[in-house]
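Take a look at the structure set out below.
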Amino acid sequence: MKKTFLTLAATLFSLAAIASIAQDTGSWDGLVEIKPKKLDAAYLMPGADFRPYKKLMIDPVVVAFRKDWMKRVNDSAPLSARVSQEDAEKIAAAVRSNFADVFNEAVGKAGYEHATAPGPDVLRIRPGVIDLYIAAPDTGGSGRTRTYTVEAGEATLFLEVSDSTTGALLGRALDKRTTRNSGRLTLTNSVTNLGDFRTLFRQWADISVNGLEELRATSPVPLDLKPGQKLGD
């Protein structure tokens, strides 16, 4: 379990680093950077056609914490409130299940069918919540202390879409956001953290579903797509 968790984290950290380079070059694995409306960065395969896809096959959500997250929170926490590897895995599992719940709900409301197997009308989506930073994780340990923060934390959404039958890469997107800022110090615990992150996940889910609808409406992607181009230009 621990080995798998660390391997997934390393993989997603690598993706984040590659994405940083991709933003400078305008391309990423043959994908061309476009100018998205509500995301930090998006990349599409020239010529990709999203019109045939009426079903979505969604992979399990990959979760990766920021590289120094555990050290930073433990350096400022009393011994009884420090985060262990087991605590981190429980938090990751909660993030994974809650993101999946919110994302699947948005997909259903948009009218897409969920697919469990590849098909010619099935788009495969690989979602990830990476660079996750929780400002004041609540481990539920003995001797708990009250913690107050302005915001619960921040994370980066990673999405990759591909054809489910051929595996052909069609697009990727990245978006870094903080949870809502209350503007004042408020009591933080596992319940408030979860509520704030679910609100963030809903924003991402709605943006993702609306973005897919726009891709269907503007497909096929131009073969001569230029870096920084808006679809429809």
Side-chain angles (χ1 to χ4, degrees), residues 1-2 4-6 8-9 12-13 15-16 38-40 58-110 125 127-159 173-211:
M1 174 79 170
K2 182 176 179 180
T4 301
F5 176 82
L6 294 176
L8 290 174
L12 270 294
F13 283 131
L15 287 172
K38 296 183 179 180
L39 297 172
D40 289 337
I58 305 172
D59 286 2
V61 184
V62 178
V63 178
F65 292 97
R66 185 176 298 175
K67 187 177 181 179
D68 62 346
W69 169 72
M70 192 180 297
K71 181 180 184 304
R72 290 184 63 178
V73 296
N74 283 342
D75 283 349
S76 59
L79 185 61
S80 61
R82 289 182 181 174
V83 179
S84 66
Q85 183 63 42
E86 182 180 0
D87 293 328
E89 291 175 3
K90 288 179 180 178
I91 293 171
V95 170
R96 187 177 300 112
S97 63
N98 279 274
F99 183 93
D101 287 345
V102 170
F103 199 84
N104 289 335
E105 181 182 3
V107 166
K109 286 182 178 179
I125 298 180
V129 177
I130 65 175
D131 203 28
L132 174 62
Y133 191 96
I134 300 174
D138 181 3
T139 62
S142 58
R144 295 166 64 184
T145 58
R146 288 179 175 268
T147 304
Y148 296 83
T149 62
V150 175
E151 57 196 24
E154 61 183 42
T156 297
L157 171 70
F158 170 83
L159 282 181
L174 289 157
D175 189 68
K176 181 177 180 178
R177 296 192 182 210
T178 59
T179 56
R180 66 180 181 88
N181 188 317
S182 64
R184 57 188 174 81
L185 290 174
T186 55
L187 179 63
T188 299
N189 54 42
S190 59
V191 175
T192 61
N193 280 337
L194 181 58
D196 287 347
F197 272 99
R198 280 185 69 94
T199 298
L200 175 59
F201 297 162
R202 287 191 190 97
Q203 292 175 0
W204 278 335
D206 290 341
I207 291 171
S208 300
V209 171
N210 291 337

Practice task
Please tell me if the side chains of V73 and I134 come closer than 4.5 Å, counting only heavy atoms from C-beta onward.
Solution key: no
Problem - 4.5 Å side-chain heavy-atom contact, F65 and V83 - result: no
Exercise for the section: Under the salt bridge (Lys or Arg N to Asp or Glu O under 4.0 Å) rule, collect the residues that match up with R72, sequence neighbours excluded. Expected result: D68
Practice task
Name all residues meeting the ring-ring contact (aromatic ring centres under 6.0 Å, His included) criterion together with F103; count only those two or more places apart in sequence or in a different chain, and write none if there are none.
Solution key: F99
Completion exercise
Output for pair (L157 CG, R177 CZ), nearest 0.5 Å, gives 9.0 Å
Fill in the blank from the handout: Those residues at least two apart in sequence (or on a different chain) that pass salt bridge (Lys or Arg N to Asp or Glu O under 4.0 Å) with D206 are none
Problem - Distance in Å, E154 CD paired with F197 CZ, rounded so as to fall on 0.5 Å steps - result: 8.5 Å
Problem - Test side chain to side chain contact (heavy atoms under 4.5 Å, CB included) applied to A93 - qualifying residues, sequence neighbours left out - result: R96
Completion exercise
Separation between CG (N193) and CD1 (I91), nearest 0.5 Å, reads 8.0 Å
Practice task
Would you mind reporting whether T199 and T179 have side-chain heavy atoms less than 4.5 Å apart?
Solution key: no
Practice task
Output all residues satisfying salt bridge (Lys or Arg N to Asp or Glu O under 4.0 Å) with D87, sequence neighbours left out; order by chain, then residue number.
Solution key: none
Completion exercise
Closest heavy-atom pair, M70 versus S84, reported as atoms and distance to 0.1 Å, is CE-O, 4.0 Å
Problem - Those residues that, when tested against R202, pass salt bridge (Lys or Arg N to Asp or Glu O under 4.0 Å) (two or more places apart) - result: none
Practice task
Describe, in one word, how the ring planes of F201 and W204 are oriented to each other, choosing from parallel (under 30°), tilted (30 to 60°) and perpendicular (over 60°).
Solution key: parallel
Handout entry: Under 3.5 Å: donor-acceptor pair, side chain of D40, backbone of L174
Key = no
